[in-house]
Amino acid sequence: RLARLGLAVARGFAGSLQAKKGMVRSLETDTRFVYRDTSKAKPSEIAKKDTTVQRVDEEILPAPRETVPKPQHMKRKTKEETIEERTDKPRDLFLTLLAFVWFCAFTSLYVQLDGLFGRDGLAPAETNMRARIAKRAGLWEWVQASRSTPSLLWVAVYYNLDVLLGMKLLCGAGVLLSLHAVRNGGSGWIYGTLWVCYLSLVSVGSTFMQFQWDTLLLEVGFLGIWLACPTGSQPFSGYAPRTIRQLLRFTLFKLMLMSGVVKLQSGCPSWYKLTALSYHFATQCLPTPLAWWLSKLPENLLKLSVWSALVIEIPATALILSPFQIHRWIGFCLQVLLQVAIMLTGNYNFFNLLTLGLCVLLLDPNGKQKNARSLMSKLWRVLHFLNFLLGLALVAVGAHWILPLSFARSLTGTSITLDTNPARISIQTKPILLASSLVGLLYILACGMLDVKSASRRSFVSSKFRASAKSFLVVVGGLIYFATSCTALLSLDSSLLRNPGGMYAAEVYGALSPYHITSGYGLFRRMTGMGDGGNGQLVERPEIILLGSKDGENWEEFDFRHKPGNVSWVPTMVAPHQPRLDWQMWFAALGSAEEHPWFINLVYKLLHNSKAVRDLLNPEGPFADAPPRYIKADLYKYDFSKGSTTDWWNRKFDRRYLDVVDADSPILMQYANAYGFSTEKPSKRVKPHQAEDLQETILFTCAFIAVYEVVRRSLEVARPSLVGSAEPEVQVMELAHASLTSFL
């Protein structure tokens with residue numbers, strides 16, 4: 001290298017000397033150049049001289065040659081073009097979708113805080129938190145409570161502040177920060193703040209915040225912190241973008257694989273007989289109008305749809321971890337197809353949007369790379385097509401091995417079922433889990449080495465070591481995170497964790513479980529409402545109907561906002577909003593009233609005319625002005641209506657869910673004293689929440705953000721590199737426009 005460098009320097013020096021000699025020789029031999037002082041010359045002489053010099057220049061200098069444009073691949077690109085090319089569009093789209101999901105989650109929860117977690121709500125957060133801490137608790141007791149229930153709301157409890165006001169402030173901050181991230185892109189600090197705010201709410205939300213999509217949002221949001229730019233000002237992603245991207249892909253793989261395997265491990269006959277959709281459309285929590293129409297499809301078509309969903313969730317997930325981009329593209333199309341179908345037939349709030357965001361990361365961040373040579377381009381297309389066929393063949397072989405079909409002909413037609421059983425599924429699951437864990441580990445190690453290598457290349461010489469060290473630490477943390485995430489995946493087969501390494505990983509997983517950094521999943525493990533043992537002919541959706549009366553003889557039903565009640569109730573589209581009370585009513589119908597204390601509290605609050613709880617129900621329903629004197633609950637069996645009728649549902653009475661009670665019933669008072677559901681006045685030490693305080697806090701927060709935006713926009717506009725040589729009036733107009741825009 002030194003010899004080549006010296007030779008290049010010598011050649012350049014010799015060439016410069018030769019060029020100088022040639023210029024001097026041409027100037028010495030040319031005597032037609034006359035240089036004299038023209039300050040005292042006449043204008044006519046100067047014009048004549050200029051014409052002569054121009055003619056002489058044309059004779060001496062050769063005519064300029066026509067410049068041949070360089071090929072596109074040989075042109076030197078500007079800094080802006082380089083940054084544009086290196087911008088990771090799938091990553092940016094994923095972060096935008098993640099910020100939008102944060103906005104939906106915080107907004108949906110904010111409008112339900114009073115009725116769910118207020119002092120007069122169904123699960124008072126302040127009462128539950130104070131019950132965990134003694135009145136004279138020491139510092140160590142507070143630390144232990146914070147470790148088991150990590151939340152910023154412990155500060156409000158410690159200083160005797162209003163916990164509900166703190167929850168509203170956390171939701172308000174989440175809404176503002178998520179909107180900023182959607183509009184302008186967010187840094188890692190913004191996504192970290194969103195994660196901390198939502199974790200604080202989930203930790204104290206008890207039953208109403210224990211849904212799998214809340215846990216999934218926290219897990220994906222935690223990884224999104226490290227995928228985003230550390231400061232938000234860099235055109236590239238974080239310190240280890242490939243490693244974090246692969247961890248997010250593994251999260252999608254874990255979500256889909258576990259959701260598919262638990263269905264078959266449960267032994268539910270509806271999955272083996274492929275009749276799950278015959279029940280699912282009517283028995284899911286909040287169906288859409290399209291679900292009513294799709295439930296009328298032919299039986300065999302519904303069975304093939306069930307089989308296709310299982311294929312996408314189990315064998316097709318192998319494409320997510322494939323090193324070939326064409327395989328990941330096939331996996332992207334299949335997963336998006338499944339999520340769109342679920343979104344159109346059921347209201348699952350932000351779960352489908354979040355999963356679609358994870359699917360975006362399966363796309364190629366570098367885009368399509370075209371080869372300049374036609375021969376190589378044709379060969380590349382052939383290989384690309386063969387690789388595409390290989391991906392489809394992998395899915396087909398996996399489907400035939402794990403999900404073989406059995407066709408039985410009878411007088412009524414052809415019956416399609418799965419030719420497998422839970423014992424065989426358990427045997428096949430073990431190699432799948434081991435292979436996927438090994439492939440994921442090797443992929444993350446390779447991505448980590450590339451991240452550490454590229455971190456030093458895109459940094460200055462003085463900061464190469466620092467950038468490499470930061471990237472190395474993130475990669476090490478990613479490996480530890482991958483080990484805990486694999487623990488949740490390997491829990492599908494407990495025998496894989498019966499070793500020292502598995503037991504230690506399980507301990508780490510248990511220690512991190514309060515923070516919801518990683519978790520296991522299992523959606524639709526068993527179908528509900530199977531009235532005929534899974535044959536798909538009799539659908540019986542259990543539904544609780546609350547009835548109130550003022551005299552004990554004439555009863556009227558309470559109307560909920562979104563859950564089925566009246567047979568003429570039309571299914572609605574409410575996603576990405578999640579009515580959490582309606583969802584919990586669906587779960588309560590699967591058990592008894594004694595198993596759900598919050599349901600007893602619901603009856604208690606309705607009898608005492610709690611406005612916060614009453615707002616969670618339909619405001620146009622009965623007893624909106626005055627509470628009933630008696631309340632009872634009946635359990636009905638629902639199904640979609642058949643034939644030509646104006647009703648959407650059919651229902652029949654099943655049993656009494658809760659006997660007739662009044663405001664002074666012993667069972668209500670017993671539960672109120674045991675779970676803190678009483679309506680006693682707040683303590684003198686705690687200042688009761690008032691609407692004026694919340695309004696002042698929100699206005700102060702908005703004013704602070706507006707001032708910050710005005711200052712930031714002013715500095716951007718007044719920066720010399722952006723303004724250039726503009727006139728002062730133009731600068732003032734731009735400054736006023738930016739300030740007004742940011743303030744609005």
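- Legend: side-chain hydrogen bond (donor to acceptor under 3.5 Å, both in side chains) pairs involving residues 94-104, not counting sequence neighbours: none detected.
- Sequence neighbours left out, the pairs with a member in residues 385-407 that pass side-chain hydrogen bond (donor to acceptor under 3.5 Å, both in side chains) are H327-N387.
- When all heavy atoms of S436 and L321 are compared, the pair lying nearest together is O-CD1, 3.9 Å.
- We find that K637 and E543 are not joined by a salt bridge, their nearest charged nitrogen and carboxylate oxygen being 4.0 Å or further apart.
- Using modelled atom types, one finds a donor on one side chain and an acceptor on the other under 3.5 Å when comparing Y521 with E219.
- In this view, S495 and D493 satisfy the side-chain hydrogen bond (donor to acceptor under 3.5 Å, both in side chains) rule, not counting sequence neighbours.
- Ring-centre distance between F640 and F281: not below the 6.0 Å cut-off.
- Interatomic distance, I330 CD1 to L392 CG, rounded to the nearest 0.5 Å: 4.5 Å.
- By the ring-ring contact (aromatic ring centres under 6.0 Å, His included) test, F208 is found to be paired with W598, residues two or more places apart in sequence or in another chain being considered.
- The aromatic rings of F351 and W213 are tilted relative to each other, their planes meeting at an angle between 30° and 60°.
- Summarising the geometry of R91 relative to L227, their closest heavy-atom pair is NE-O, 3.1 Å, with the distance given to 0.1 Å.
- Heavy atoms of other residues, nucleotides or ligands lying less than 6.0 angstrom from CZ of F472 number 12 at most.
- Atom CZ of R249 is separated from atom CD1 of I244 by 12.5 Å, given to the nearest 0.5 angstrom.
- In terms of heavy atoms, C359 sits closest to F332 at O-CD1, 3.0 Å.
- Remark: Y348 pairs with F524, W583 by the ring-ring contact (aromatic ring centres under 6.0 Å, His included) rule, at least two apart or across chains.
- In this structure, P150 and P514 approach most closely via the heavy-atom pair CG-O, 3.5 Å.
- Both cation-pi conditions hold for K296 and W292: the charged atom is under 6.0 angstrom from the six-membered ring centre and inside a 45 degree cone around its axis.
- Taking CG of L257 as the reference point, atom OG1 of T429 lies at 8.0 Å (rounded to 0.5 Å).
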Quiz item: Could you go step by step and tell me if T420 and L403 meet the side-chain contact (heavy atoms from CB on, under 4.5 Å) rule?
Solution: CA-CA 7 Å; T420 185; L403 304 168; 5.5 Å; no
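- Ring orientation note: the planes of W195 and F222 are tilted relative to one another, at an angle of 30° to 60°.
- Side-chain atoms of S259 and R525 include no donor-acceptor pair closer than 3.5 Å.
- Between D214 and R580 there is a salt bridge, with a side-chain nitrogen of the basic residue lying less than 4.0 Å from a carboxylate oxygen of the acidic one.
- Between the side chains of D451 and T243, at least one donor N or O sits under 3.5 Å from an acceptor N or O.
- Checked against side-chain hydrogen bond (donor to acceptor under 3.5 Å, both in side chains), S485 has the following partners two or more places apart in sequence or in another chain: K254.
- For the atom pair CZ of F350 and OG of S108, the computed distance is 8.0 Å after rounding to the nearest 0.5 Å.
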